[in-house]
Amino acid sequence: MKALSPESIVGEALESVYREVAAAIAAASRGALEPEQVVLVPAPAHTGCDLAFQCFKLARAWRQAPPAIAAEMATRLAAPEGDLLASAEAAGPYLNLRLDRDAVAARVLAATAAAGDEYGHSRRQQGEVVMMEYVSPNTNKPLHLGHLRNAVLGRAVIRLIAAQGARTYTSDIINDRGIHIAKSMVAYQRWGEGKTPQEAGIKGDHFVGRLYVRFSRALDDERRAWLERQGIDPSTLDERARKKVEERFQQASELMGEARDLLRRWEDEDPEVRALWRRMNRWVYDGFEETYRKLGITFDKHYYESEIYQGGKEIILEALEKGIFERAPNGAVVAPLSKHFKLQDKTVLRADGTGLYVTQDINLAAIKFRDFGLTRSIYCIGSEQDYYMKQLFAILKLLGFPWAEGLHHLSYGMVYLPEGKMKSREGRVVDADDLIAGMSELAEEALRERHGELDDEERERRALAIALAAMTFHFLVVGRDTEIHFDPASSLAFEGKTGPYLQYATARVASILRKAGDWQPPVSPVLHDDLEWRLVFALLLFPTVVADAADSLDPSRLANHLVDLAQSFSTFYHDLPVLAAEEPLRASRLALVQAVGQTLKNGLRLLGIEPLEVM
RNA sequence: GCGCCCGUAGCUCAGCUGGAUAGAGCGACGGCCUCCGGAGCCGUAGGUCAGGGGUUCGAAUCCCUUCGGGCGCACCA
């Protein structure tokens with residue numbers, strides 16, 4: 001469990017508790033510690049205590065063994081001042097502390113009630129302006145499983161940051177130009193029969209995606225025939241030779257020739273080609289938009305590669321003049337990263353003067369800071385780009401941009417299907433729309449079993465919320481770096497450590513409160529039971545956990561804490577009566593239930609999961 | 001060859017700046033619907049934290065190393 005120290009804790013209630021306890025510990029430390037140097041940890045359950053102070057750090061100052069220190073401090077704290085610290089006892093090298101649980105509960109319940117939907121938020125990042133770039137799909141295929149993890153992670157992180165008081169924006173960079181688009185366009189010209197997605201009855205992004213696949217298959221056929229004509233058997237060649245053969249084929253290919261021709265005409269702004277391009281992109285964007293709407297993913301700004309890919313050259317040429325970048329013998333411009341960082345040099349401009357992907361990224365980074373006055377810019381991109389992102393950030397630092405320190409790569413592990421890494425060209429993907437639809441169907445079945453009386457509309461609404469909760473939580477509960485081997489059976493589960501389990505807890509809270517009738521929150525709550533204390537303590541830590549998740553860009557910290565909270569709550573309401581309890585216990589427990597509900601709701605919203613009042 | 005990430009229970013994963021008996025979920029086995037909604041609760045079994053060195057009063061956690069897996073290392077995007 002996390003250690004509590006002044007720099008790590010967030011939240012009024014916890015801060016006030018810490019301040020009082022730390023003052024008492026410091027007072028008992030023979031002047032060895034200032035209050036703000038006191039580190040406290042939650043005491044393990046078997047001790048029956050609430051917090052612990054570890055005496056190892058005092059061993060040097062006191063020139064005594066930790067157990068002796070603990071014993072003496074326990075004596076000194078025998079009659080603690082203040083109303084919070086109830087008792088202190090030595091246990092080996094540990095000084096275990098009991099708190100006045102009612103007093104702590106009073107502070108937590110007051111804090112949650114006062115803050116409401118804002119409980120867990122802070123102003124630690126007030127003044128910061130942060131942008132999250134995420135999802136960033138290509139326009140030649142629909143969103144897949146990998147995009148879902150990306151979207152869900154990026155959304156949670158930016159919400160966590162917003163909850164720290166920062167102003168936040170979301171963006172994506174849409175790869176809407178290049179040879180891949182030209183391929184889809186060739187396919188449409190050849191086989192599209194002039195139909196629109198509506199006429200074909202297919203969602204726009206899927207419509208275009210199919211054309212892309214169609215092109216790839218046709219190209220495969222063409223390659224087979226060509227190899228046969230050439231009398232080449234690639235399986236007999238080594239990798240280098242195969243690459244050479246592939247290059248020759250690409251040059252000889254009729255289909256690739258058409259695609260290259262279209263790309264050239266696109267570059268020359270041929271009106272006819274541009275019109276088709278715009279038309280097909282619109283279909284794709286409409287399709288994406290539909291998926292985003294379902295997921296609740298939004299963007300403040302779309303950046304289009306077609307609009308920025310030619311920029312960035314001025315920045316680079318200027319840096320070349322200043323001697324920051326170097327000219328390679330053949331004329332290409334190179335960022336000499338190996339001189340300044342433990343990275344390999346990176347070409348930033350081709351010998352023929354045209355830009356590369358990184359050229360555009362340099363440009364876009366600057367545009368974002370300029371457009372929005374950012375202090376920080378986060379890129380939610382898979383871990384396969386770790387090295388590239390390091391290079392990009394190093395280049396921007398080399399260029400001397402003052403904002404370069406505000407760049408962050410929000411990296412995450414790959415998503416694999418049972419058969420291996422997803423490859424869209426081979427069709428081995430789990431399509432985002434299919435997945436959502438499939439999970440909604442499962443959730444609907446479950447709802448039909450439980451609530452046969454629901455009308456279709458309400459059932460569908462709940463089913464979607466539950467399905468998205470399951471999917472979202474599944475991606476967020478594991479650490480960022482953890483690779484996800486997507487297994488439908490566990491990924492689609494609604495029971496156990498899942499999103500729907502958390503939604504169920506919020507629904508149970510709502511249900512209890514609905515039946516409570518009129519009640520007044522207690523002035524001084526009476527909550528001594530261990531089951532109650534676990535909840536109080538989890539609520540007390542919540543703002544700190546949120547802050548930690550935000551700072552580490554890792555929502556899994558919050559997700560796991562919510563599971564702890566929900567599990568503790570389940571045990572609590574199973575074992576202890578709320579509505580049937582005697583006053584003043586009843587009001588105290590109701591206030592606790594309300595605080596738990598508020599906290600679960602706030603936590604789920606930060607993760608991008610819809611809490612449910614009924615399910 | 002070089003760099004980064006990872007290896008914890010049968011499976012999927014937590015375990016955060018080193019601290020008390022390493023935790024959850026699933027699966028297995030056994031209980032719990034006269035009681036605030038069973039998408040729930042309780043219990044049992046199950047781990048030399050991949051192996052080996054080292055640092056430390058103390059290592060799943062830090063360092064080195066071996067083995068095993070993943071991803072990168074373009075004038076591609």
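Below, chain A is the first sequence line, B the second, and so on; all start at residue 1. Note that the structure is a prediction, hence the values are computed from the model and not measured.
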A.B. asks: Under 4.0 Å between any heavy atoms, over every strand shown, what does A/Asn96 touch: base, sugar-phosphate, or nothing? Just pick one.
C.D. replies: base

A.B. asks: Does A/Gln567 or A/Ala332 map to a spot on RNA chain B nearer the 5' end, using the closest nucleotide for each?
C.D. replies: A/Gln567

A.B. asks: Ignoring hydrogens and angles, tell me if any N or O in the side chain of A/Arg480 forms a donor-acceptor pair with the backbone of A/Leu553 under 3.5 Å.
C.D. replies: yes

A.B. asks: Taking OH from A/Tyr94 and P from B/G58, how many angstroms apart are they, rounded to a whole number?
C.D. replies: 13 Å

A.B. asks: Identify, residue by residue, the members of residues 492-512 of chain A with a heavy atom below 4.0 Å from RNA chain B, and return them in order of residue number, or none.
C.D. replies: A/Phe494, A/Glu495, A/Gly496, A/Lys497, A/Tyr501, A/Tyr504, A/Ala507, A/Arg508, A/Ser511, A/Ile512

A.B. asks: How long is the line joining CG of A/Asp564 and C1' of B/A24, in whole Å?
C.D. replies: 8 Å

A.B. asks: Using a cut-off of 4.0 Å on non-hydrogen atoms, how would the nucleic acid contact of A/Val333 be classed: base, sugar-phosphate, or nothing?
C.D. replies: nothing

A.B. asks: Should the side chain of A/Lys57 and the base of B/G19 be counted as holding a donor-acceptor pair, with the cut-off at 3.5 Å?
C.D. replies: yes

A.B. asks: Kindly compute the distance separating CG (A/Leu476) from CG (A/Leu558), expressed to the nearest 0.5 Å.
C.D. replies: 9.0 Å

A.B. asks: From the set B/A77, B/A14, B/G37, return the single nucleotide nearest to any side-chain atom of A/Lys515.
C.D. replies: B/G37

A.B. asks: Please tell me which of A/Ala446 and A/Phe53 maps to the more 5' nucleotide of RNA chain B, matching each residue to the nucleotide holding its nearest heavy atom.
C.D. replies: A/Phe53

A.B. asks: Apply the syn/anti split at 90° from 0 to B/C33 and say which one it is.
C.D. replies: syn

A.B. asks: Has the side chain of A/His451 got a donor or acceptor that lies under 3.5 Å from a partner of the other kind on the base of B/G37?
C.D. replies: yes

A.B. asks: Produce the list of close N/O pairs, under 3.5 Å, pairing protein atoms with atoms of nucleotides 63-65 of chain B; give distances to one decimal.
C.D. replies:
none

A.B. asks: Contact class for A/Val578 vs. all strands (heavy atom < 4.0 Å): base, sugar-phosphate, or nothing?
C.D. replies: base

A.B. asks: Who passes salt bridge (charged side-chain N to carboxylate O under 4.0 Å, His left out) against A/Glu307, sequence neighbours left out?
C.D. replies: none

A.B. asks: Would you mind classifying the nucleic acid contact of A/His180 as base, sugar-phosphate or nothing, using non-hydrogen atoms under 4.0 angstrom?
C.D. replies: nothing

A.B. asks: With rounding to the nearest 0.5 angstrom, report the OG to CG distance, A/Ser556 to A/Leu153.
C.D. replies: 9.5 Å

A.B. asks: Between P on B/A74 and CD on A/Glu384, what's the gap in Å once rounded to a whole number?
C.D. replies: 15 Å

A.B. asks: Could you measure the distance from the OG1 atom of A/Thr139 to the OH atom of A/Tyr212? Nearest 0.5 Å is fine.
C.D. replies: 10.0 Å

A.B. asks: Indicate, with a heavy-atom threshold strictly under 4.0 Å, whether A/Leu576 touches base, sugar-phosphate, or nothing.
C.D. replies: base

A.B. asks: Quote, to the nearest angstrom, the C1' distance that separates B/C16 from B/A59.
C.D. replies: 15 Å

A.B. asks: Between atom CG in A/Leu58 and atom P in B/G19, what is the gap in whole Å?
C.D. replies: 18 Å

A.B. asks: With centres under 5.5 Å and planes under 30° as the test, does A/Phe56 stack with B/G58?
C.D. replies: no

A.B. asks: Considering only atom P, compute the distance from B/U8 to B/G38 and round it to an integer number of Å.
C.D. replies: 36 Å

A.B. asks: Quick test: give all pairs of protein nitrogen or oxygen and nucleotides 2-6 of chain B nitrogen or oxygen below 3.5 Å, distance rounded to 0.1 Å.
C.D. replies:
none

A.B. asks: Using atom P of each nucleotide, how far apart are B/C2 and B/C64 to the nearest Å?
C.D. replies: 15 Å

A.B. asks: Counting any heavy atom closer than 4.0 Å, what does A/Leu447 reach on the DNA or RNA strands: base, sugar-phosphate only, or nothing?
C.D. replies: base

A.B. asks: Over all strands shown, is A/Leu356 touching base, sugar-phosphate only, or nothing at heavy-atom distances under 4.0 angstrom?
C.D. replies: sugar-phosphate

A.B. asks: Ring pair (Phe, Tyr, Trp, His ring centres under 6.0 Å) with A/Phe572: which residues, sequence neighbours excluded?
C.D. replies: none

A.B. asks: Using a 3.5 Å cut-off on both pairing distances, which stems of three or more Watson-Crick or G-U pairs include RNA chain B?
C.D. replies: B:1-7 with B:67-73, B:10-13 with B:23-26, B:28-32 with B:40-44, B:50-54 with B:62-66

A.B. asks: If we take the P atom in both B/A22 and B/C49, what is their distance in whole Å?
C.D. replies: 11 Å

A.B. asks: Quick one: are A/Tyr412 and A/Val157 in side-chain contact, heavy atoms under 4.5 Å?
C.D. replies: no

A.B. asks: Using side-chain hydrogen bond (donor to acceptor under 3.5 Å, both in side chains) as the criterion, list what pairs up with A/Ser411, not counting sequence neighbours.
C.D. replies: A/Asp386

A.B. asks: Does the structure place the NZ or CZ of A/Arg177 under 6.0 Å from the centre of the six-membered ring of A/Tyr309, at an angle of no more than 45° from the ring's axis?
C.D. replies: yes

A.B. asks: Once ring pair (Phe, Tyr, Trp, His ring centres under 6.0 Å) is applied, do any residues pair with A/His302, and if so which ones, sequence neighbours excluded?
C.D. replies: A/Phe299

A.B. asks: Decide ring pair (Phe, Tyr, Trp, His ring centres under 6.0 Å) for A/Tyr379 and A/Tyr388; before the verdict, give the C-alpha distance in whole Å, the side-chain angles of both, and the deciding distance to 0.1 Å.
C.D. replies: CA-CA 12 Å; A/Tyr379 297 73; A/Tyr388 171 74; 9.4 Å; no

A.B. asks: Applying salt bridge (charged side-chain N to carboxylate O under 4.0 Å, His left out), can you list everything that pairs with A/Arg448, at least two apart in sequence or on another chain?
C.D. replies: A/Glu444

A.B. asks: Could you give the distance separating B/C35 and B/G40 at their C1' atoms, to the nearest angstrom?
C.D. replies: 14 Å

A.B. asks: Taking only residues two or more places apart in sequence or in another chain, which ones pass ring pair (Phe, Tyr, Trp, His ring centres under 6.0 Å) with A/Tyr304?
C.D. replies: A/Tyr285

A.B. asks: What interatomic distance, in whole Å, is found between P of B/G27 and the corresponding atom of B/C36?
C.D. replies: 26 Å

A.B. asks: If stacking means aromatic ring centre less than 5.5 angstrom from the base's six-membered ring centre, planes under 30°, is A/Tyr388 stacked on B/G72?
C.D. replies: no

A.B. asks: Test salt bridge (Lys or Arg N to Asp or Glu O under 4.0 Å) on A/Arg462 and A/Glu458 and set out the steps.
C.D. replies: CA-CA 6 Å; A/Arg462 281 191 212 176; A/Glu458 176 61 12; 2.9 Å; yes

A.B. asks: Applying a 4.0 Å non-hydrogen cut-off, can you work out what A/Gly479 is touching in the nucleic acid: base, sugar-phosphate, or nothing?
C.D. replies: sugar-phosphate

A.B. asks: Return no unless some side-chain N or O of A/Ser556 is found under 4.0 Å from OP1 or OP2 of B/A14.
C.D. replies: no

A.B. asks: Nearest 0.5 angstrom please: A/Ser383 OG to A/His409 NE2, how far?
C.D. replies: 7.5 Å

A.B. asks: Is there a side-chain polar atom (N or O) of A/Ser570 under 4.0 Å from OP1 or OP2 of B/C41?
C.D. replies: yes

A.B. asks: Using the side chain to side chain contact (heavy atoms under 4.5 Å, CB included) criterion, which residues pair with A/Leu263? Sequence neighbours excluded.
C.D. replies: A/Ile179, A/Ala182, A/Glu267

A.B. asks: When rounded to the nearest Å, what value does the distance between P atoms of B/A45 and B/A50 take?
C.D. replies: 24 Å

A.B. asks: Over how many whole Å does the gap from A/Asn138 atom CG to B/A77 atom P extend?
C.D. replies: 12 Å

A.B. asks: Using atom CD1 of A/Ile466 as one end and atom P of B/G40 as the other, report the distance to the nearest whole Å.
C.D. replies: 12 Å

A.B. asks: Please list, chain by chain and in numerical order, all residues satisfying salt bridge (charged side-chain N to carboxylate O under 4.0 Å, His left out) with A/Lys342, sequence neighbours excluded.
C.D. replies: none

A.B. asks: B/C11 C1' sits how many Å from A/Phe486 CZ, rounded?
C.D. replies: 16 Å

A.B. asks: Separation of A/Arg480 atom CZ from B/A14 atom P, in whole Å?
C.D. replies: 12 Å

